[in-house]
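Heads up: the structure comes next, in structure tokens.
For this chain, numbers begin at 1 and follow the sequence in order. The shown structure was predicted, so the numbers you read here are calculated from the model rather than taken from an experiment.
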Amino acid sequence: MHRTEAREFESCSDCGAEIHVARDRSYAFGAESVLCFACAVRRGGSYDEERDVWRQAPELGDLATTVAPERSV
């Protein structure tokens with residue numbers, strides 16, 4: 001894998017699944033953390049398909065002690 005390609009992928013902070021940041025829907029939080037869509041929904045997140053936004057944020061309590069505002073991925 002080329003070095004620039006490696007930056008396009010991140011690992012889900014919960015299950016470890018590989019997420020392609022440009023293609024896969026995910027929930028980003030903190031400085032560099034992300035949840036895959038399945039884990040975000042399993043943790044209570046609710047996604048609005050029409051508006052392309054999270055209506056309800058997933059529960060992150062056990063993943064980070066300090067959670068920064070959501071960022072776009």
Going from CD on Glu32 to OG on Ser13, what distance comes out if it is rounded to the nearest 0.5 angstrom? 10.5 Å
Approximate separation, where rounding is to 0.5 Å, of Asp14 CG and Ser33 OG: 11.5 Å
Closest heavy-atom contact between Gly45 and Trp54? C-CZ3, 3.9 Å
Separation of Leu35 CG from Phe29 CZ (nearest 0.5 Å): 4.5 Å
Inspect the surroundings of CZ in Arg51 and state if more than 12 heavy atoms from other residues, nucleotides or ligands are less than 6.0 Å away. no
Check the pair Glu18 / Asp24 against side chain to side chain contact (heavy atoms under 4.5 Å, CB included), numbers first and verdict last. CA-CA 10 Å; Glu18 191 171 81; Asp24 300 329; over 6 Å; no
Is the backbone of Phe37 close enough, under 3.5 Å, to the side chain of Arg25 for a donor and an acceptor to pair up by distance? no
Begin with the C-alpha distance, continue with both residues' side-chain angles, and end with the deciding distance and a verdict on side chain to side chain contact (heavy atoms under 4.5 Å, CB included) for Ser26 and Cys36. CA-CA 5 Å; Ser26 59; Cys36 68; 5.7 Å; no
Holding to side chain to side chain contact (heavy atoms under 4.5 Å, CB included), I want the full list of residues that pass it with Ser11, two or more places apart in sequence or in another chain. none
Could you pull out the closest heavy-atom pair between Glu59 and Arg43, with the gap in Å? O-NH1, 2.8 Å
